[in-house]
Amino acid sequence: MPGLLKVVLPVVGGVLVVSNLMPLVNPTAFFETVGMGSIVAESETPLAKSLIVNLAVARLALGILGVASYFRGSETRARIGTAIAVLLVASIYADVAIPLEFELDKRGRATDVPVPLDLTGPKFLGKLALVVPLLVALAAHLAEPGLLTKDKSKDQ
């Protein structure tokens, strides 16, 4: 039976691939889907479109590496899993520390009052559903013989 990380990492990578195809194809629909409809107007500027495409392609490539890790070795899988976990944890931290959405006034203009993070929103729950199993799989992977302990079945 394959290790937990060998199963969890390709699944998380596949979800990253699918979820990052949407901002490439239709950024407006992506923001509406994840509940960030108030920044749609800002996402239509050329600079924002460029940044969205660059970020989506980088995350897409990392997701593809996660899927491909099924066919790689244990150490490579651990490195890719750590990179994806750091990305997801940093993304959750950024949602808390740097609000991108602001309340709108009666005319639809953004104010200086940030929208607090919704812990039951699809964006936060989606990231949490990806990072928790990945962190558990990484912890289980570290406990396997050969990384933190000496594998007694191998000859030195």
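Keep in mind that this is a model prediction, so the values were computed, not measured.
- Among residue pairs with one or both ends in residues 7-16, none qualify as side-chain hydrogen bond (donor to acceptor under 3.5 Å, both in side chains); sequence neighbours excluded.
- In plain terms, the two heavy atoms of A140 and L4 that are nearest each other are CB-CD2, 4.2 Å.
- The two atoms that bring L135 and A85 nearest to each other are CD2-CB, 3.9 Å, heavy atoms only.
- Summarising the hydrophobic clusters (Ile, Leu, Val, Met, Phe, Trp, Tyr; side-chain heavy atoms under 4.5 Å, direct or chained), the residues clustered with V67 are none.
- At distances below 3.5 Å, not a single donor-acceptor pair connects side-chain atoms of R72 with backbone N or O atoms of R77.
- Cluster annotation: V132 and V86 are assigned to distinct hydrophobic clusters (Ile/Leu/Val/Met/Phe/Trp/Tyr, side-chain heavy-atom contacts under 4.5 Å, transitive).
- Of the candidates L5, I80, V12, T76, S69 forms a side-chain contact (heavy atoms from CB on, under 4.5 Å) with just one, namely I80.
- Taking the side chain to side chain contact (heavy atoms under 4.5 Å, CB included) definition, one finds that L60 meets it with V17, N20, L21, L24, I64, sequence neighbours left out.
- Under the 4.5 Å side-chain contact rule for hydrophobic residues, I84 and V136 share a cluster.
- At a threshold of 4.5 Å between side-chain heavy atoms, the hydrophobic network of Ile, Leu, Val, Met, Phe, Trp and Tyr places V18 and L62 in two separate groups.
- One hydrophobic cluster holds both L87 and V89 under the rule that ILVMFWY side chains link at heavy-atom gaps under 4.5 Å.
- The heavy-atom pair separating L128 from P133 by the smallest distance is O-CD, 4.1 Å.
- Legend: residues meeting side-chain hydrogen bond (donor to acceptor under 3.5 Å, both in side chains) with T120, ordered by chain and number and at least two apart, are D118.
- Pairs of residues two or more places apart, or lying in two chains, never qualify as salt bridge (Lys or Arg N to Asp or Glu O under 4.0 Å) while including a residue from residues 14-28.
- Grouping the Ile, Leu, Val, Met, Phe, Trp and Tyr side chains by contacts below 4.5 angstrom, directly or via other members, places V131 apart from L55.
- Not counting sequence neighbours, the partners of S91 by the side-chain hydrogen bond (donor to acceptor under 3.5 Å, both in side chains) test are K127.
- To the nearest 0.5 Å, atom NE2 of residue H141 and atom OG1 of residue T82 are 8.0 Å apart.
- Among all heavy-atom pairs drawn from F124 and L119, the shortest one is CD2-O, 3.4 Å.
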